[in-house]
Every structure is written in structure tokens, then in C-alpha cells.
Amino acid sequence: MTAFTPSTQMKWAFSARRIPRDLVAGLDPDVAAARAGHLILGRVLSVGQHGRIQLAEGRPATLYPGDLIVMPCGARYAPDQFEGLAEIDPDGCDMLAGGGCLGRMVWRHDKMKTPTRVQPVGRLTDATGRVLSTGDFALPQVGQAAGIPLIVVVGTSMNSGKTTATVALTHGLTRAGWAVAALKGTGTGSFGDVNDYADAGAAFVGDFTDAGMVTTYLEPLDRVKAGIRALLAAAERHGATVAVMEIADGIFQKETAALLADADFVAGMSGCVFACGDAVAAAGGVTVLAAQGMRPLCLTGLLSCSPMASTEAEAMTGVAVVTRAGLMDPAVASGLLAKAQGLVTAPEAAVAAA
Amino acid sequence: MVMFAQIDVPVLGEGEHGARRLLALAAGRRLPSRLLLPARAGLTPEAQPLVALHGISRNARALWLAFAPQAAVEGRSLLVPRFAKGVWPRFQQIGAARPDLALLDLFQQAGFRGRRVDLFGFSGGAQLAHRFAMLYPHRVATLHLAAPGWYTLPDEGMVWPQGLGTGPTRRLRLFDAAALSRLQLRQYLSLRVRLWVGAQDTTRDDSLRQTAALDVRQGRTRLERAFRYAEAFERAARSMAIVPDIALTVLPDCGHDFTQCDRVGGLGARVLRNG
């Protein structure tokens with residue numbers, strides 16, 4: 001370990017925000033030994049797809065060649081962007097996400113530029129020489145599931161409307177008087193989502209980075225589930241009376257599929273909302289969820305922008321389509337929550353709103 | 001750190017008689033209100049804020065005068081909105097207009113976020129009160145309905161707003177208060193409900209909705225309709241294996257007049273004593 005004093009010029013990524021900077025005391029040059037969560041000091045070699053970094057302070061910062069950055073090592077799964085692994089090549093690594101994720105790109109979407117390249121300088125350590133890692137600064141682990149109702153938002157893919165739905169439902173429930181915890185259970189650390197949750201009025205906001213993970217891609221299912229339990233417990237401790245949790249990517253993505261196939265996770269859900277883009281996707285999603293014993297409380301997402309597609313989806317699935325405006329309506333949101341809590345005795349009622 | 005807690009701070013303006021003034025907005029419609037915030041905590045820890053809704057005479061001041069002195073003594077918050085006729089011509093109903101959104105906004109501004117309130121309504125205000133409670137039962141502690149002209153019955157066999165059925169001509173994707181009320185019917189029927197009506201509230205005047213169907217289903221007068229509603233509520237609750245907590249009080253020597261119900265029948269004091 002080499003003694004190291006962090007510079008105020010370093011751009012510290014959002015995904016590393018829980019690690020106190022004053023703990024940094026040394027630099028371990030063995031970057032090839034990095035694992036997911038290890039804090040990497042690097043220098044920007046070339047600016048590619050990600051021209052900006054999301055800072056821990058909550059604002060984006062433009063990147064320039066030569067910038068010193070601090071980001072954790074991590075894997076990434078984003079079908080619209082990159083797939084990457086939590087591996088650091090001493091000769092240069094890839095910036096896989098703006099929120100802070102360094103690794104090795106495996107695939108990129110046709111529309112993506114090459115990743116921003118970073119020369120790793122070393123792994124940051126504390127005064128004892130221990131590599132600083134996000135996992136050591138996570139919310140406390142809990143054994144028992146939280147008692148608050150949980151509505152999970154899933155969808156067909158990235159950009160199907162899950163975050164919009166999560167934000168809208170959070171806002172609607174908040175207006176109805178609930179203390180809402182808006183959570184992101186899986187995905188890639190990014191302040192965009194959690195800032196949107198906070199703006200919607202959530203009483204508590206948190207994501208898997210608060211549970212110590214840079215991303216949840218390739219993390220063991222037990223760790224992902226433990227992170228979700230920790231988030232829910234923290235939300236409950238902070239007075240949340242209901243939780244809305246977004247699960248990233250589509251229902252076929254590895255960790256999402258594993259969660260939805262997990263009996264404990266499903267048993268802990270009060271209900272789910274499914275976001276998708278068209279009627280065929282709605283029918284497919286409802287069928288896949290039904291195989292896991294779930295029926296969505298409602299369909300939403302890009303689909304809901306089209307009255308005709310919504311009508312097709314409702315006819316094929318029997319599940320009501322709710323627009324963003326509908327989810328933001330406190331009466332609709334309260335109705336969905338009641339439905340989620342199993343308080344409905346009548347046959348499924350349409351929960352449609354403009 | 002991203003995690004944080006939102007802080008609710010009442011948004012207040014000072015007014016006369018110790019009242020503070022609030023202004024809610026719902027889709028551009030203004031709803032002014034008077035708020036009494038106690039200088040000290042309630043005498044009993046469970047004292048709920050009281051929200052009082054006027055009838056079609058829109059005499060919010062009468063409600064304020066009836067409730068405010070004792071509420072102040074008891075350390076209870078009191079919120080009395082006034083639905084102006086030009087802005088809220090049919091404030092009793094939730095549908096095309098959304099008085100419920102304005103009320104929720106007022107609750108939040110008053111610092112009631114997350115709390116249940118005792119919700120009182122007189123006449124048209126009682127119509128709004130029970131329709132609000134059907135959509136937001138989690139916001140209501142005790143529901144006080146005083147002499148509404150008619151009710152939305154907890155009966156899916158009747159089309160909204162007389163019952164909770166959705167009409168065949170309802171346009172898709174419009175706000176469906178009936179469907180949403182059905183979703184929360186169990187919680188609504190679990191509420192503590194207190195019905196109040198004057199013994200002499202038997203006049204079929206212009207302010208009483210009168211149709212043949214309504215007369216048959218709910219009765220010909222407010223007095224009769226109160227009894228019918230109590231029966232319907234009890235029946236619906238028991239059909240869901242809920243023990244109903246509903247009571248009907250007939251106020252002697254009172255007609256359809258809030259001030260009379262208060263001064264002669266002691267309505268204000270009874271409501272503040274929680275029925």
C-alpha cells in the first residue's frame with residue numbers, strides 16, 4: 001500500500017457516496033485483484049459514451065481526459081447500453097455507467113459509442129490497508145422481512161416505463177396520505193431514478209447501492225434479496241407505511257427472473273404493476289407472471305399512452321391499464337394499494353383513470 | 001447519501017378569530033379554508049383533527065363558530081373549508097370535479113399528512129364526506145354524516161352515484177369513483193360512522209333530491225333516508241363478516257338547519273365528544 005491523500009479535484013461517483021472520503025489513506029496498485037464494490041481511483045484516458053459522471057453530491061459533472069475519478073468496480077447489464085463484467089485490466093478499463101461503474105465491456109448496443117476509457121491507478125484503501133468497498137458501508141442486514149405493504153414494479157425491458165410508473169405511484173400514494181418508501185431493488189446505481197423518487201414526495205428513498213451493491217448484475221440471489229430486506233427495514237424504521245419498489249430491466253433478465261421465481265420474494269410482495277409498450281407485450285408479461293402465481297394489479301407504461309393498445313391489452317389479459325396520470329391520482333393509487341393488500345372481495349374491478 | 005426524510009411543514013397564513021387561512025388547489029380550482037391549530041397538544045392522545053364540511057348553503061362560518069371554541073379548549077385541530085358556488089357548483093359529488101383532491105391538499109398543508117381525521121359533513125357536506133371516505137378510508141377515524149339529502153349506498157347493484165355499480169355508458173379511462181370505492185369497500189365498512197338527523201327533518205323542499213327511484217330505495221325524507229342508510233351499511237358490513245360500528249342519533253326538535261341542530265340538538269358538542 002502506498003500512502004495517499006485524496007484530492008479535492010477527484011470526481012467521486014454517486015455509487016460510492018456511502019463511503020466517507022476521509023477514510024481514504026492509501027492506494028493499492030493491484031487493480032487486477034479488484035472485485036465488485038472495490039473503490040478504484042482512475043484517470044480518464046478518453047471520453048466515449050459517458051461524457052459525464054454522476055457525482056455523489058447529486059449533480060452531473062463533465063468528464064475531460066486526464067480527470068481523476070473514483071468509482072467502484074462493478075458489472076453492468078443494460079440491453080440498451082452495455083453489458084460488462086466486474087474486472088479491471090491494469091492497462092485500461094471501461095466506464096460502464098454514469099452513476100459509477102468500472103469494469104470490462106463485453107457487449108454494447110449498436111447505438112452506443114465506445115465506452116469512456118479509464119486508466120486505473122489503484123484501489124483506495126483505509127489506514128489499515130484494507131481496500132474500501134461499497135459492501136462495507138451498506139445498511140445493516142436484517143433477518144426478518146419488513147411489515148409494510150410492498151408493491152413491486154416490473155416490466156418488459158429497459159425504457160418500458162417502470163421508473164415513470166414507480167414515480168407516479170409514489171406520488172399518488174403520497175398525495176393520498178401514505179408515507180411512501182420509493183426503492184430500487186435491482187439495477188445499476190444512478191441518481192436519476194432516486195432523485196425522481198424524491199421529487200415525487202417519497203418519505204424515504206433508497207436503492208441497492210444503499211445495500212452495498214454497485215449494480216445487482218451477477219450478484220448472488222441471496223445477496224440481492226438481503227439487500228431488498230435491508231432497504232425495506234430501513235424504510236420501515238424511517239416511518240414508511242408502504243413501499244413501492246422498481247425492479248430493473250425486463251422480467252427475463254437474470255436477477256429479475258430469479259427474484260420473480262423466488263417464493264420468499266413473491267410472498268413478501270403485496271402486488272405488482274407491469275409496465276410494457278404494447279398489447280402483445282402485455283399479454284406475454286401477464287402470462288409469464290401467471291406462471292409464477294402472480295397477476296398484476298394493473299398494466300401501465302408506454303402501452304397506456306395509446307387508448308387503442310390499452311383496449312387490446314385489457315381485452316386480452318383482463319387486467320386494467322392505468323396511465324401515468326391515473327397512478328398519480330390519489331384515489332386510484334389508494335385503490336391499487338387496497339387491491340394489493342387483498343382487501344377486495346368483489347371480482348376484479350376496472351381501475352381506469354384518465 | 002441519497003436517503004432522506006421529507007419534512008412536512010404546514011403552510012399557513014394568519015387570519016381573524018385565531019384562524020389561519022389555507023388555500024388548496026385542485027386542477028386549478030381554489031378551495032380556501034380556515035384552520036385552527038392547537039397551541040398545545042390534545043387533552044387525549046387520540047384526539048383527531050376535525051374536518052367539517054358545510055352544506056349547499058355554504059355556511060362554513062356557522063360550522064366554525066359551532067366547533068372552534070370547544071376544539072380550542074380541547075386542543076384539537078379544526079379545518080373548515082368553504083366551497084365557493086362559482087368554483088364548486090356541485091362539490092357534493094366526486095367525479096367530473098375533484099373536491100377530494102382539494103381536501104387532501106388541505107390535509108397536507110394543515111400538517112395532517114398521514115393522520116386520520118374525524119370527518120364531519122352537514123347536508124351536502126355529508127354527501128361529500130361519505131364519498132370521500134369511500135375513496136380514502138385510511139384517512140378517516142370517525143365519519144360523522146349529518147342529514148345528507150341522499151347517500152351512495154354500499155350496493156353494487158345500483159349504478160353510481162346511488163350505488164357502487166359502474167354504469168354501462170361510462171366512458172373508458174375516465175375517473176371511475178364507483179370502481180375505486182368498490183376496491184376499498186371493506187375498509188369503508190370497517191369505519192366508525194355516526195349518523196345525525198333532526199327529528200323534524202322531514203320536509204321535501206327544493207334542496208332535497210326527489211326522484212321516484214330514490215324515494216323508493218332510500219326513502220322520502222332525510223330522516224327516513226338516514227334510517228335506510230344505517231340499515232344498508234349494516235347489511236353490507238355483515239355480508240363481509242364485518243361488525244359494523246354505525247350509530248344513528250335523531251336530534252329532537254331539529255329540522256334541516258345546522259345552527260338549530262347545534263344549539264337545540266347539541267350537535268357540535270356531540271361530534272366533538274366523538275358521537
Side-chain angles (χ1 to χ4, degrees), chain A residues 14 17-18 56 58 139 174-181 191 194-195 197-198 201-207 209-210 231 234-235 238-241 304 307 310-311 314 320-323 326 329-339 341-354, chain B residues 1-8 26-27 94-96 98-105 107-108 112-117 131-140 154 156 164-166 170-190 236 239-242:
Chain A
F14 165 81
R17 71 196 181 285
R18 293 182 65 90
L139 290 166
T174 299
R175 289 175 76 193
W178 299 93
V180 184
F191 66 36
V194 291
N195 285 348
Y197 298 166
F204 178 88
V205 172
D207 73 357
T209 64
D210 292 306
L231 284 168
H238 282 78
T241 51
S304 67
S310 297
T311 301
E314 287 178 341
V321 176
V322 180
T323 62
D329 188 311
V332 175
S334 292
L336 287 173
L337 178 59
K339 194 172 173 181
Q341 291 176 289
L343 298 170
V344 184
T345 54
E348 180 170 313
V351 187
Chain B
M1 290 280 286
V2 165
M3 291 186 303
F4 67 97
Q6 301 271 15
I7 300 170
D8 291 326
I94 299 173
R98 298 293 301 276
D100 57 318
L101 301 182
L103 286 176
L104 288 172
D105 188 10
F107 289 9
Q108 182 173 350
F112 302 163
R113 185 174 175 174
R115 293 188 66 186
R116 289 179 184 259
V117 302
R131 290 175 188 132
F132 178 92
M134 283 192 278
L135 290 174
Y136 309 101
H138 62 284
R139 300 308 309 269
V140 178
E156 295 176 29
L164 296 182
T166 298
R170 194 188 71 82
R171 285 182 60 199
L172 279 175
R173 265 164 268 295
L174 287 182
F175 179 75
D176 189 348
L180 294 167
S181 298
R182 288 198 300 272
L183 288 173
Q184 305 192 76
L185 184 57
R186 171 170 286 277
Q187 291 149 295
Y188 176 71
L189 293 171
S190 300
S239 74
M240 289 186 173
I242 297 166

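In what follows, chains are A, B, ... by sequence order, proteins preceding strands, each numbered from 1.
- Legend: residues meeting salt bridge (Lys or Arg N to Asp or Glu O under 4.0 Å) with B/R116, ordered by chain and number and at least two apart, are absent.
- Using a 4.5 Å heavy-atom threshold, the side chains of B/R113 and A/T174 count as touching.
- Of the listed residues A/A235, A/G58, A/A240, A/G177, the one with more heavy-atom pairs under 4.5 angstrom with chain B than any other is A/G177.
- Under the 4.5 Å side-chain criterion, counting only non-hydrogen atoms from C-beta, A/D329 is in contact with B/R98.
- Summarising the geometry of B/R139 relative to A/A176, their closest heavy-atom pair is CD-O, 3.1 Å, with the distance given to 0.1 Å.
- Across all their heavy atoms, B/D100 and A/A331 have their closest contact at OD2-CB, 4.4 Å.
- Annotation for A/A338 and B/Q184: closest pair CB-CG, 3.6 Å, computed over non-hydrogen atoms.
- For B/R131, the side chain to side chain donor-acceptor pair (under 3.5 Å) criterion is met by B/Q127, B/T152, not counting sequence neighbours.
- Neither the backbone nor the side chain of B/F107 comes within contact range of chain A; no heavy atom of the residue lies under 4.5 Å from a heavy atom of that chain.
- No side-chain heavy atom of B/L180 sits under 4.5 Å from any side-chain heavy atom of A/S334.
- Atom CD in A/Q341 sits 12.5 Å away from atom CZ in B/R186 (nearest 0.5 Å).
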